[in-house]
Amino acid sequence: MADGGGARPAEAELAAALLAWYDASRRALPWRAPPGERSDPYRVWLSEIMLQQTTVTAAQPYFIRFLKRFPDVRALAAAPVEGVMQAWAGLGYYSRARNLHACARVIVNELGGRFPDTIAGLEALPGVGPYTAAAIAAIAFGLPAAAVDGNVERVISRYYRVEEPLPGAKPRVRALAQALVPQRRPGDFAQAMMDLGATVCTPRGPSCGLCPWRAGCGAHAAGDMETFPRKAPKKAVPQRYGAAFVLVRDDGAVLLRVRPPRGLLGGMDEPPGSDWREAPAPPEAAALLAEAPFPARWRAAPGAVRHVFTHFRLTLTVFVAPAPPDFVPPPGCRWEPRRSLAAAALPNVMRKAVAHGLDCLSRDWRRLERAGAGKISGAGE
DNA sequence: TACCCGTGGTA
DNA sequence: TTACCAAGGGT
């Protein structure tokens, strides 16, 4: 660690200044108890899982919907996992949803419906790691735990000018953060750190003029705030190509299957598809068509679906076909009625693929109608 | 340790 | 368009 400006306030003074700032500037969020009221562990836990690597803006509507559908941990434990995946569809990182459900069952079936109130007990739960355990401990149980997330790493590394790059610097950052946690109001302190990082000490263009810690901040004194936290360089993301096959029945139903429970998009719905292969250029349509799961009058939809995952980019060619008259869904596949398609457990990339295929099909129908090709049977869009 | 695991917003 | 990034955890 390098050093920054002049003398710094003691840890207790820093905590007090931050709490005073928080009392005046805290964000009102649906999972936060009003000032002075005790937080519900279930809501704290649910929000912390949803907020892992996810923005407040994205998580908020999911949290409200989820809480309505699963009001407490017993309701969640009693629900089928498919319903949980449905409620999570679109949020990403789907192992979180599976772990969330598994965790609810552990709490109800093995822990009498109560959340553990120790760091070790919390961290033993599926989907709960060091950060989330500390956050729940501090916010829901008032324990003096340091919840170190990306916000806190940024605030701490700037304030103390931590020169070592992440993730190697994590232990040091954690120790520095822990030293600041006050005995009183540790939960508010944890949330104050996150609010400070999210609204003032932002990755780009920090509002140092509004910061309660400006006077002692090493990076502010040097004027190079945006260069912290130091980070190891990242690898380039490869490009992969594949195909999705959208089979549509006369009544508009779409053929879907469920992906394997683990791995990418685990346990989520998708139309049948090919393997995804890494390549420098898009493959020929004929090569992709050779991977169709069954014969049909496949037609390539113009254009393609592009999607960015954490560690690769995907370009999906979408083939679409009307279901043959006597088609029987192969094992593992099912017909999803058009009416309930919106509620299916489709991740966004697959939602895009299905929509792309249906768009293509409806364009065909309109073109046929204009050409006077006669009555088109089945439901429209 | 180094990957793997989604998605949408922003500069 | 590219690149980065957001309340991380599992393996």
Side-chain angles (χ1 to χ4, degrees), chain A residues 27 29-32 43-63 85 88-100 102-103 122-140 145-155 165-168 170-171 173-174 177 187 189-199 201-205 226-227 229 231-240 259-268 270 305-314 345-352:
Chain A
R27 293 175 290 175
L29 299 171
W31 45 83
R32 273 185 186 168
R43 296 184 187 212
V44 174
W45 166 67
L46 178 60
S47 68
E48 291 299 342
I49 301 298
M50 281 192 172
L51 288 163
Q52 288 169 3
Q53 296 291 287
T54 304
T55 59
V56 166
T57 305
Q60 202 155 312
Y62 279 84
F63 178 84
M85 303 312 284
W88 204 274
L91 241 199
Y93 286 124
Y94 298 100
S95 65
R96 292 185 296 174
R98 203 162 272 283
N99 282 332
L100 188 84
C103 183
L122 288 163
E123 210 168 327
L125 297 170
V128 177
Y131 161 75
T132 304
I136 298 172
I139 299 168
V148 181
D149 68 338
N151 287 308
V152 178
E153 285 176 348
R154 188 169 55 255
V155 170
L166 292 172
K170 277 175 182 284
V173 169
R174 183 175 311 227
F189 180 81
Q191 296 179 88
M193 288 287 275
M194 294 186 242
D195 273 18
L196 187 68
T199 67
C201 195
T202 49
R204 281 167 298 198
E226 294 195 17
T227 68
K231 288 190 179 177
K234 288 174 184 166
K235 287 178 53 178
V237 299
Q239 169 74 52
R240 297 182 192 173
R259 293 176 61 87
R262 298 181 200 289
L264 187 75
L265 308 176
M268 302 298 285
E270 66 173 1
V305 169
R306 295 174 171 283
H307 197 75
V308 182
F309 291 95
T310 314
H311 52 296
F312 66 93
R313 299 174 195 284
L314 179 66
L346 284 166
N348 279 4
V349 58
M350 297 305 172
R351 211 166 277 275
K352 284 195 283 185

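Quick note on labels: first sequence line is chain A, next is B, and so on, each numbered from 1.
- Judged by distance alone with a 3.5 Å cut-off, no donor-acceptor contact links the side chain of A:Thr57 to the base of B:dG8.
- A sub-4.0 Å separation between OP1 or OP2 of C:dG10 and a side-chain N or O of A:Arg262 is absent.
- Counting any heavy atom pair closer than 4.0 Å across all strands shown, A:Val128 reaches sugar-phosphate atoms only and no base atom.
- Nucleotide B:dT7 holds its P atom 10 Å from the CZ atom of A:Arg96, rounded to whole Å.
- Among the heavy atoms of the strands, none lies under 4.0 Å from A:Ser95.
- Within the 4.0 angstrom heavy-atom criterion, no nucleotide atom of any strand lies near A:Gly197.
- Side-chain N/O atoms of A:Tyr93 include none lying less than 4.0 angstrom from OP1 or OP2 on C:dG10.
- One interatomic measurement links the two molecules: CG of A:Leu100 to C1' of B:dG6, which rounds to 16 Å at whole-angstrom precision.
- For the OP1/OP2 pair of B:dC5 and a distance below 4.0 Å, the side-chain nitrogens and oxygens of A:His311 include at least one atom meeting the criterion.
- Rounded to whole Å, the distance from CD1 on A:Ile49 to P on B:dT7 is 18 Å.
- The main-chain N or O of A:Arg43 is found under 3.5 Å from a side-chain atom of A:Ser47 such that the two form a donor-acceptor pair.
- Projected onto DNA chain B by closest heavy-atom contact, A:His307 and A:Gly168 fall at different nucleotides, the more 5' of which corresponds to A:Gly168.
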- Item | A:Gln191/A:Arg32 under side chain to side chain donor-acceptor pair (under 3.5 Å): CA gap, chis, key distance, verdict | CA-CA 9 Å; A:Gln191 296 179 88; A:Arg32 273 185 186 168; 2.9 Å; yes
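- Straight-line distance from the NZ atom of A:Lys352 to the P atom of B:dT7: 8 Å, rounded to whole Å.
- At the heavy-atom level, A:Leu265 lies under 4.0 Å from the strands shown only through sugar-phosphate atoms.
- Residue A:Pro167 is classed as having no contact, given no heavy-atom separation below 4.0 Å to the nucleic acid.
- The phosphate of B:dG8 (OP1 or OP2) has a side-chain N or O of A:Asn348 nearer than 4.0 angstrom.
- As judged by a 4.0 angstrom heavy-atom cut-off over every strand, A:Trp45 is placed among residues making no nucleic acid contact.
- Nucleotides of DNA chain C nearest to A:Lys234 and A:Gly127 differ in position, and the one nearer the 5' end is that of A:Lys234.
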- Message: salt bridge (charged side-chain N to carboxylate O under 4.0 Å, His left out) for A:Glu226 and A:Arg204? Distances and angles first, verdict last.
- Response: CA-CA 6 Å; A:Glu226 294 195 17; A:Arg204 281 167 298 198; over 6 Å; no
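- One can find a donor-acceptor pair under 3.5 Å joining the base of B:dG6 and the side-chain atoms of A:Thr310.
- Counting any heavy atom pair closer than 4.0 Å across all strands shown, A:Ile139 reaches no nucleic acid atom.
- Comparing A:Arg204 and A:Gly266 against DNA chain B, the residue whose closest nucleotide sits nearer the 5' end is A:Gly266.
- Between the P atom of C:dG8 and the NZ atom of A:Lys231 lies a distance of 10 Å, rounded to the nearest Å.
- Using a 4.0 Å heavy-atom distance criterion, A:Thr132 is classed as a sugar-phosphate-only contact.
- Residue-to-nucleotide proximity on DNA chain C shows that, of A:Asn99 and A:Arg27, the 5′-proximal contact is made by A:Arg27.
- For A:Gln52 and C:dG8, the shortest distance from a side-chain N or O to OP1 or OP2 is not below 4.0 Å.
- The CE-P distance, from A:Met85 to B:dG6, rounds to 9 Å in whole Å.
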